[in-house]
Amino acid sequence: MNPAIDLDRLRADMLELARIGMAAGRPGINRPSFSDADMAGRRFFMERCRHAGLDTTMDCVGNVLARWPVGSGPVVMAGSHLDTVPDGGVFDGTLGTCAALEAVRAMRAAGVTPKHPIEVVATADEEGRFGGMLGSQGLAGMVDPGWLEAATDSDGIRLVHVMRAQGLEPDRYAEAARDPATLHAFLELHIEQGPVLESAGLAIGIATGVSGVFNWTVTLTGVANHSGTTPMDLRRDAFAGLAAFAGRIPAIIAELTSDQARLTIGKVELAPNFPHTIPGSATFSIIGRDIDDGIMHRMAKLCRRELEAAARDHGLALEIREESRLAPVDLAPDVATLLAEQSRHLGYATTTLPSGAGHDAQTMQHVTRAGLIFVPSKGGISHAPEEDTDWRDVERGANVLLHGLIALAA
Ligand SMILES: [Zn+2]
């Protein structure tokens, strides 16, 4: 019997998880990391894994690990995350987690016995509620204890407090780390969260790497003053400086000559923020991304240059604070090639592409060979209740994961 995903079984698990994240009066799925709903989703998933005959545990940072104890040697891991953004969709994370379990069930149903053990993983805290990816960073031994201790969400709630309230043990984070010698590979299936596959009419994308990202908070400080009495040429208008910089973004991108370069000002605060007053200060975010570390460094340099010019031209003081920086990650080329071959062999229209969004696979790449499979997102939409993927694409993606697992574990 040719191993194949049972879409009805996979869909049933995903829709059951979606139900766990739904609340009255909210449009989307809400399982923010370490919330009651998140933990209920994890317990449901553990139950499904046990039902499939897997040895299932939750580690000290909340990762669900479900092992199929066959074969010997290092394990092939597959999975994704179960937490969601506020009012997220049905597919983000949940797809890759449930598909990994379904792949194991499909292998067993088809009588496939892998040479390597297989471990299904539902990682914790991937969506950045506390600014990191605690679950996969825990597995990869990449938790910064200072960050763990200090991390808070946007409401100021401490990570270690919510973890302890859920019976988890943040102080023992080091025990979650996996010895790289025990890992053979890691595979993740995820929705693309962008428009590339859909607009090209492709079913499957294999990620070659994940963009790096820097996160800056910039403050331009001038002088708040009366909007009527202050002549235009005597102003030190913080918003004018911000606008001048924003107007230079296309030129910065053009100078970088990278089609993966992204610069975004997503958050702006003016003070006093009153219609009749010239803004005395502008505090704003700059998020820079690219797939190449050298280009990211050049991008940062160009941003500094343009910010300094804007500050000078408008008589403003400039302060730049780097909140965080993640370098780009190249995913394992041999795994990407293997996945693309499996996908084409299954008859799916397939391409390779970089990932502009962060994923657990980029963390796992630090300790093993990681592969990342994308399926199309309708309209490129994600992190929203409208997030949608055709169930036929879900089935295709899960079959690529299944056959990738068989090829790697055989
Ligand atoms: Zn995700």
Side-chain angles (χ1 to χ4, degrees), residues 3 5 67-68 70-80 95-96 99-100 103-104 106-107 112-121 123 133 136-137 139-142 178-192 196-197 202-212 260 290-294 326-375 396-410:
I5 292 298
R67 189 180 175 103
W68 181 12
V70 286
S72 61
V75 303
V76 181
M77 265 192 165
S80 189
L95 167 61
V104 168
M107 286 165 82
V112 175
T113 309
K115 218 174 81 193
H116 291 274
I118 291 183
E119 212 168 299
V120 174
V121 58
T123 64
M133 289 188 191
S136 54
Q137 285 168 340
L139 293 171
M142 294 171 70
R178 301 293 289 260
D179 178 352
T182 66
L183 299 174
H184 188 57
F186 173 82
L187 292 185
E188 180 173 13
L189 169 64
H190 204 280
I191 52 168
E192 182 201 348
V196 174
L197 293 176
L202 296 162
I204 299 292
I206 306 299
T208 49
V210 180
S211 285
Q260 295 303 319
D290 196 81
I291 197 75
D292 181 285
D293 205 34
L326 271 179
V329 175
D330 291 327
L331 297 170
D334 58 329
V335 176
T337 302
L338 177 149
L339 291 171
E341 279 170 8
Q342 295 294 333
S343 180
R344 293 196 176 102
H345 188 70
L346 288 162
Y348 306 148
T350 305
T351 191
T352 55
L353 76 174
S355 173
H359 294 290
D360 288 316
Q362 82 195 70
T363 315
M364 296 308 291
Q365 175 65 34
H366 290 277
V367 280
T368 189
R369 301 175 298 156
L372 179 57
I373 306 156
F374 284 143
V375 288
R396 292 182 185 111
N399 272 319
V400 176
L401 178 72
L402 165 64
H403 286 273
L405 268 177
I406 292 172
L408 281 164

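All residue numbers in this chain count up from 1 along the given sequence. The analysis underlying the following values was restricted to heavy atoms, covering all of them including side chains, and did not include hydrogens, waters or symmetry mates.
When all heavy atoms of Leu331 and Leu372 are compared, the pair lying nearest together is CD1-CB, 3.8 Å. Summarising the geometry of Ala361 relative to Ala370, their closest heavy-atom pair is O-CB, 3.4 Å, with the distance given to 0.1 Å. Contact record, Gly397 with Leu189: C-CD2, 3.6 Å, taken as the closest heavy-atom pair. Minimum interatomic distance between Ala357 and Ser355 (heavy atoms only, all atoms of both residues): O-OG, 2.7 Å. Smallest separation of non-hydrogen atoms from Arg396 and Ala203: CD-CB, 3.7 Å. In terms of heavy atoms, Ala100 sits closest to Val120 at O-CG2, 3.8 Å.
Taking OG1 of Thr351 as the reference point, atom CD1 of Ile206 lies at 9.5 Å (rounded to 0.5 Å). Between Ile118 atom CD1 and Met107 atom CE the span is 3.5 Å, to the nearest 0.5 Å. Gln365 contributes atom CD, which lies 12.5 Å from atom OG of Ser136 (distance to the nearest 0.5 angstrom). In this structure, the separation between CG on Asp330 and CD on Gln362 is 11.5 Å, given to the nearest 0.5 Å. Remark: Glu192 CD to Leu202 CG distance equals 9.5 Å, nearest 0.5 Å. Atom CG of Asp290 and atom OG of Ser211 lie 6.0 Å apart (nearest 0.5 Å).
Ring pair His190/Phe374 is perpendicular by interplanar angle, where above 60° counts as perpendicular and below 30° as parallel.
Using a 4.5 Å cut-off on side-chain heavy atoms (C-beta onward), Thr368 and Arg178 make no contact. Put simply, the side chain of Met142 does not reach to within 4.5 Å of the side chain of Val367, judged on heavy atoms. At least one side-chain heavy atom of Leu187 sits less than 4.5 Å from a side-chain heavy atom of Leu339. Side-chain contact between Val375 and Leu197: absent, with no pair of heavy atoms (C-beta onward) separated by less than 4.5 Å. Residues Phe186 and Leu139 are not in side-chain contact: their nearest non-hydrogen atoms beyond the backbone lie 4.5 Å or more apart.
Using a distance-only test at 3.5 Å, with no hydrogens or angles considered, no donor-acceptor pair links the side chain of His184 to the main chain of Val76.
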When the side chains of residues 401-408 are checked against the rest of the protein, which donor-acceptor pairs come out under 3.5 Å, sequence neighbours left out?
from   : atom 1 : to   : atom 2 : distance (Å)
His403 : NE2    : Pro3 : O      : 3.1

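Asp293 meets the salt bridge (charged side-chain N to carboxylate O under 4.0 Å, His left out) test with Arg325; sequence neighbours excluded.
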Between Thr123 and Met133, is the side chain to side chain contact (heavy atoms under 4.5 Å, CB included) condition met? List the steps.
CA-CA 9 Å; Thr123 64; Met133 289 188 191; over 6 Å; no

Does the pair Thr208 and Leu353 meet the rule for a side chain to side chain contact (heavy atoms under 4.5 Å, CB included), with working shown?
CA-CA 6 Å; Thr208 49; Leu353 76 174; 6.0 Å; no

Go through the steps to decide whether Ser80 and Glu188 satisfy the test side-chain hydrogen bond (donor to acceptor under 3.5 Å, both in side chains), and finish with yes or no.
CA-CA 6 Å; Ser80 189; Glu188 180 173 13; 2.7 Å; yes

